[in-house]
Amino acid sequence: MLEELNQIEQAALASLDTAQDEAALQRWKVAHLGRSSPLMLTFDKLGSLAKEERPAIGRRANQVKQALEAAFAAHSAALEQAAITRALGAERLDVTLPGRPVLLGRLHPTNCTLRRIYAIFAEMGFQVYRSREVETDEYNFQLLNFPPHHPAREMQDSYYIDSGTARGDNPLLLRTHTSPGQIHAMRQMVALNPQDPPPVRIILPGMCFRYEQITARSEMQFNQVEGLAVGKDITFGDLKGTLSDFARRLFGQQVRSRFRASHFPFTEPSAEMDIECFVCGGAGCPVCKRTGWLEILGCGMVHPIVLRNGGYDPLRYTGYAFGMGPERITMLLHRIEDIRYFWANDLRFLEQF
Ligand code: DAH
């Protein structure tokens with residue numbers, strides 16, 4: 001009987017080495033440790049043995065069982081380890097490969113300029129006022145002293161949103177300039193204190209739209225930064241001082257500026273502001289078209305009709321306003337020769353800022 005147990009043990013251990021996968025391992029377990037395996041049948045036979053044989057055979061049978069269980073556990077762990085090693089070998093991960101770079105976005109060149117403009121005017125006490133991009137004809141033109149059919153509208157061919165007949169003389173359109181925000185802002189201030197409305201000192205940035213032939217110099221969508229100061233005793237001197245200082249802060253302390261008479265329906269008097277060409281220092285070059293000067297904005301004293309439309313009594317209040325194109329200013333600052341780059345989404349352009 002003891003000899004038989006030795007054989008059972010040897011045979012089982014020998015065949016364990018041939019089990020090379022999980023299924024074979026399970027078959028081995030059933031064959032050698034299962035209920036009807038030779039070993040288990042030996043336990044069944046213990047009862048029928050002579051009393052004095054029983055302890056020795058029983059002990060040996062238990063030893064064999066433990067030995068087989070231990071061998072099974074060790075072999076099964078070894079198989080598992082081998083499987084992991086094989087998988088690691090097959091799915092090799094090279095941690096020395098460089099990672100995929102995460103592309104960093106950056107500010108659009110117009111936004112870089114806008115931020116500089118905001119910072120300069122913030123230091124001078126101007127707040128940013130945002131106004132809608134869809135306007136009525138009334139706000140975009142009429143309240144700014146452009147009557148219907150006024151020829152000054154010719155300069156601002158518009159994208160109308162409704163046909164114009166549904167709303168009579170007041171069709172909806174995409175704003176052609178940021179100036180209608182002047183009326184919104186003044187009316188909001190007047191609502192705070194109708195008898196004695198507070199002074200206004202704001203800049204109004206935002207997108208404008210015109211039905212333009214797209215060329216190197218004109219786009220159908222562009223930004224403007226409007227400015228408005230309304231209060232008591234504001235003079236043309238304040239306008240000149242503020243805007244000349246703005247130009248020095250943006251273009252350099254040595255930059256000189258000049259004001260030329262012009263016309264806008266919503267200002268009187270009106271002017272165009274030029275700065276001395278910072279490329280040639282005023283001597284004349286291709287950037288300034290040999291004039292020595294670069295036009296940067298339009299401005300003027302707020303027209304009394306516009307003050308009244310905003311709710312400010314033109315006999316007690318005066319004010320000045322200005323409007324500039326940050327894309328145009330960016331073009332001057334960086335000598336960009338074609339405004340179409342701004343909306344072309346070309347990374348070769350955008351990545352330079
Ligand atoms: N709204 C004018 C335009 O788009 C620009 C402008 C000129 C705005 C003079 C002003 C101003 O506030 O005073 O052509």
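Every number for a ligand or one of its atoms is a count from 1 in the order of the listing.
Of the heavy atoms in Y320, none comes closer than 4.0 Å to ligand 1.
For ligand 1, the atoms sitting less than 4.0 Å from at least one non-hydrogen atom of S179 are 1 (N), 8 (C), numbered in the order shown with element in parentheses. Annotation for ligand 1: atoms under 4.0 Å from non-hydrogen atoms of G300 are 13 (O). Taking every heavy atom of A321 and a limit of under 4.0 angstrom, the matching atoms of ligand 1 come to 12 (O), 13 (O). Residue contact check: T267 has heavy atoms under 4.0 Å from atoms 13 (O) of ligand 1. Near F264, with a cut-off below 4.0 Å to any heavy atom, the atoms of ligand 1 are 7 (C), 9 (C). Less than 4.0 angstrom separates some heavy atom of C299 from each of these atoms of ligand 1: 9 (C), 11 (C), 13 (O).
G323 CA, 4.2 Å is the protein heavy atom nearest to atom 5 (C) of ligand 1. When only non-hydrogen protein atoms are considered, atom 11 (C) of ligand 1 lies nearest to F266 CE1, 3.4 Å. The nearest protein atom to atom 12 (O) of ligand 1, hydrogens excluded, is given as E226 OE2, 2.6 Å; this is a heavy-atom distance.
At least one heavy atom of R210 lies less than 4.0 angstrom from ligand 1. Close to ligand 1: Q182, with a non-hydrogen atom less than 4.0 angstrom away.
Side chains of T267 and F322 form no contact here, defined as non-hydrogen atoms less than 4.5 Å apart. Side chains of T318 and V230 form no contact here, defined as non-hydrogen atoms less than 4.5 Å apart. F266 places a side-chain heavy atom less than 4.5 Å from the side chain of H177. Residues E22 and L79 have side chains not in contact (no heavy-atom distance under 4.5 Å, counting atoms from C-beta outward).
For the residue pair R60 / N6, a side-chain donor-acceptor distance below 3.5 Å is found, with atom types taken as modelled. With 3.5 Å as the limit, one finds no donor-acceptor pair spanning the side chains of D274 and S257.
The nearest non-hydrogen atom to atom 1 (N) of ligand 1, considering only H177, Q156, Q224, comes from H177.
A salt bridge between R258 and E272 is absent, with no side-chain N of the basic residue lying under 4.0 Å from a carboxylate O of the acidic one. Salt-bridge annotation for R316 and D196: present, with a side-chain N of the basic residue lying under 4.0 Å from a carboxylate O of the acidic one.
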**Request:** Could you give me the CA-CA distance, side-chain angles and deciding distance for H32 and F72, then say whether ring pair (Phe, Tyr, Trp, His ring centres under 6.0 Å) is met?
**Result:** CA-CA 10 Å; H32 299 282; F72 175 82; over 10 Å; no
